[in-house]
Amino acid sequence: QVQLVESGGGLVQAGGSLRLSCAASGRTFSSYAMGWFRQAPGKEREFVATINWSGGSTYVADSVKGRFTISRDNAKNAVYLQMNSLKPEDTAVYYCAATMQAGLTDSRAAYDYWGQGTQVTVSS
């Protein structure tokens, strides 16, 4: 079992940066691939980025490619999402998620554990 707690959200102007953190409980954190998803008002939750257990492989959505970077620190049981060049359309609640599935996946159904989310608001 893994419990996830996100932090680092807030209000930022367009073009600015934020770094989201996700703290995980449990001694088996390094067994999980981790992902970030987001959900804007009135829209479905969508994939943002994922990273494998070691941090050696990552995959990000086309909509954030070149602007967002996912990373992890297994010694700290944490995963991060560095968000640069933020746009108003990045406004959403951002969720951290964990999956035991081997390989990188952008499917919500593959993720077993979810955090409560952190709000990111980008003003124009």
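Heavy atoms only: backbone and side chains are in, while hydrogens, waters and symmetry mates are out. It should be emphasised that the depicted structure is a prediction, and the values quoted were computed from it without experimental measurement.
- Each of Q119, R38, E6 was checked for a side-chain hydrogen bond (donor to acceptor under 3.5 Å, both in side chains) with Y94, and the lone residue meeting it is R38.
- A continuous path of hydrophobic side-chain contacts links F29 to M100 [ILVMFWY only; heavy atoms under 4.5 Å].
- F47 and V79 fall into different hydrophobic clusters, defined by Ile, Leu, Val, Met, Phe, Trp and Tyr side-chain heavy atoms under 4.5 Å apart, directly or through other members.
- No side-chain heavy atom of V12 sits under 4.5 Å from any side-chain heavy atom of M83.
- A salt bridge links K65 with D62: the distance from a Lys NZ or Arg NE/NH1/NH2 to an Asp or Glu carboxylate oxygen falls below 4.0 Å.
- L4 is not connected to Y80 by any chain of hydrophobic side-chain contacts under 4.5 Å among Ile, Leu, Val, Met, Phe, Trp and Tyr, and they are in different clusters.
- To the nearest 0.5 angstrom, T121 atom OG1 is 13.0 Å from Q13 atom CD.
- Under the 4.5 Å side-chain contact rule for hydrophobic residues, L104 and L81 do not share a cluster.
- No side-chain heavy atom of F68 sits less than 4.5 Å from a side-chain heavy atom of L18.
- Counted within 6.0 Å of CD on Q3, heavy atoms from surrounding residues, nucleotides or ligands total 12 or fewer; the atom is thus considered open.
- The distance from the CD1 atom of I70 to the CD atom of Q82 is 12.5 Å, given to the nearest 0.5 Å.
- Evaluated for a ring pair (Phe, Tyr, Trp, His ring centres under 6.0 Å) with Y111, the options W36, Y32, F37 yield exactly one hit, F37.
- By the 6.0 Å contact criterion, CH2 on W114 is enclosed, its count of non-hydrogen atoms from other residues, nucleotides or ligands being greater than 12.
- Contact detail for M34 and C22: the closest heavy-atom pair is CE-SG, 4.5 Å.
- Of all non-hydrogen atoms in V122 and T91, the two that sit nearest each other are N-OG1, 2.9 Å.
- The structure places OH of Y113 at 10.0 Å from OG1 of T99, a figure rounded to the nearest 0.5 Å.
- Of all non-hydrogen atoms in N84 and S17, the two that sit nearest each other are OD1-OG, 2.9 Å.
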Checklist entry - Can you list the steps and then say if D106 with T50 is a side-chain contact (heavy atoms from CB on, under 4.5 Å)? => result CA-CA 7 Å; D106 59 4; T50 185; over 6 Å; no
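- With a 6.0 Å cutoff to the six-membered ring centre and a 45° limit on the axis angle, R108 does not count as a cation-pi contact of Y95.
- When all heavy atoms are compared, the tightest approach of G9 to V120 is CA-CG2, 4.1 Å.
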